[in-house]
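Before any comments, here is the structure.
Worth knowing before you read on, the calculation uses all heavy atoms, side chains too, and leaves out hydrogens, waters and symmetry mates.
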Amino acid sequence: ERLLDLYFMRELLETGAVRRIVKRRKEVDFATLAKKAEECDARARKLPKNIVEYSQSHFDFHMELARQSGSELLARSLRGIHFRSWLLWHDLRLWQQRDSSGHQRLVDVLAHAREAEAVAEIRKHINVGLQDELVALGEAQKGSRPPPMQSRTVASRPQLDSSARTAARG
């Protein structure tokens, strides 16, 4: 339940940030966003030897996205869900399962696409993480290793709630 709730909050906050960024493109510092995305993607290509540095740059990118929304409350709320420690734990567990780059593409979409496309792109980005988490929990339930998160209830849940199902469809 906690994992789904975290992803639900992350989707609310980051899609909100994306909507605001698209609406206020003239005030957004896309150069800073692009630099943070480039750093994040460059570190993603060198995993695992730099997992802590990658996770820090991953966090920095997503926090910059929140800051560029122009909403201090949104950025504080993202930090308030313990996003840094959660993202580090996520990166440590799941770096082998997927290509963790793609942040530069996200910035390009934010800078040039319509709002609906930009929101769809961030939802897709978030959904990849959620699906990886759910797969890891399912494997942990079947295997001998303990689940990577504190709660064991997510993997045994018969179906995702409606917001997670919507996100899963991309």
Side-chain angles (χ1 to χ4, degrees), residues 1-45 47 52-95 98-134 149 154 160-170:
E1 293 296 326
R2 173 102 170 116
L3 178 65
L4 291 174
D5 202 30
L6 282 168
Y7 272 91
F8 170 72
M9 288 303 300
R10 180 180 175 193
E11 181 180 342
L12 286 175
L13 293 169
E14 290 198 278
T15 58
V18 163
R19 287 180 195 283
R20 289 192 63 157
I21 286 169
V22 168
K23 287 180 178 157
R24 51 187 306 277
R25 280 188 177 131
K26 291 180 182 176
E27 293 88 34
V28 172
D29 183 355
F30 282 105
T32 297
L33 262 176
K35 181 179 182 223
K36 297 217 180 248
E38 184 179 344
E39 290 171 5
C40 184
D41 289 351
R43 287 191 170 105
R45 289 186 279 278
L47 290 171
V52 173
E53 293 87 359
Y54 164 72
S55 188
Q56 181 63 51
S57 67
H58 194 195
F59 171 76
D60 290 345
F61 170 78
H62 285 278
M63 287 307 301
E64 188 63 33
L65 189 72
R67 280 190 290 276
Q68 290 296 330
S69 76
S71 172
E72 184 181 325
L73 184 57
L74 192 150
R76 267 198 329 246
S77 296
L78 191 58
R79 266 192 313 275
I81 62 170
H82 305 289
F83 191 59
R84 171 70 183 114
S85 58
W86 170 43
L87 201 57
L88 174 60
W89 187 235
H90 170 86
D91 292 339
L92 283 169
R93 285 176 294 126
L94 301 173
W95 68 267
R98 63 186 171 103
D99 176 9
S100 295
S101 61
H103 296 88
Q104 289 171 297
R105 172 176 161 54
L106 183 56
V107 172
D108 288 341
V109 169
L110 289 173
H112 304 291
R114 293 186 334 260
E115 182 179 327
E117 294 170 60
V119 167
E121 190 68 24
I122 192 67
R123 279 191 173 130
K124 184 170 84 172
H125 183 82
I126 293 166
N127 184 56
V128 167
L130 173 60
Q131 293 308 310
D132 288 347
E133 294 271 14
L134 293 174
M149 293 295 285
V154 175
L160 301 176
D161 63 18
S162 63
S163 63
R165 278 196 307 274
T166 301
R169 289 186 204 118

How long is the gap from [atom1] on [X] to [atom2] on [Y], to the nearest 0.5 Å?
X     : Y     : atom1 : atom2 : answer
Arg67 : Ile21 : CZ    : CD1   : 11.0 Å
Arg79 : Phe59 : CZ    : CZ    : 7.0 Å
Leu78 : Leu65 : CG    : CG    : 8.5 Å
Asp5  : Ile81 : CG    : CD1   : 9.0 Å
Arg84 : Met63 : CZ    : CE    : 11.5 Å
Arg76 : Leu13 : CZ    : CG    : 12.5 Å

Salt-bridge criterion met for Glu121 and Arg105 (N-O under 4.0 Å): yes

Keeping the roles fixed (side chain from [X], backbone from [Y]), state whether a donor-acceptor pair exists under 3.5 Å.
X     : Y      : result
Gln68 : Asp29  : yes
Ser55 : Val52  : no
Arg25 : Ala111 : yes

Over all atoms of both residues, closest heavy-atom pair of [X] and [Y]:
X      : Y      : value
Leu74  : Ala66  : CD2-CB, 3.6 Å
Arg20  : Ser71  : NH1-CB, 3.4 Å
Phe61  : Val107 : CE1-CG2, 3.6 Å
Ala113 : Val22  : O-CG1, 4.4 Å

In Glu11, Lys124, Arg19, the residue satisfying side-chain contact (heavy atoms from CB on, under 4.5 Å) with Val119 is Arg19

Paired with Ser57, the side-chain contact (heavy atoms from CB on, under 4.5 Å) test is passed by just one of Arg43, Lys36, His62, namely Arg43

Might you work through the side chain to side chain donor-acceptor pair (under 3.5 Å) test for Asp60 and Gln56, ending with a clear yes or no? CA-CA 6 Å; Asp60 290 345; Gln56 181 63 51; 2.8 Å; yes

Aromatic rings His58 and His103: how do their planes relate, parallel, tilted or perpendicular, breaks at 30° and 60°? perpendicular

Walk me through whether Trp86 and Tyr7 qualify under ring-ring contact (aromatic ring centres under 6.0 Å, His included). CA-CA 11 Å; Trp86 170 43; Tyr7 272 91; 5.0 Å; yes

Intermediate values then yes/no, side-chain contact (heavy atoms from CB on, under 4.5 Å), Val109 and Ile122: CA-CA 9 Å; Val109 169; Ile122 192 67; over 6 Å; no

Answer whether the closest heavy-atom distance between the side chains of Leu106 and Leu33 falls below 4.5 Å. no

Tell me, do Arg10 and Leu6 make a side-chain contact under 4.5 Å, heavy atoms counted? no

Within 6.0 angstrom of Glu72 CD, more than 12 heavy atoms from elsewhere: no

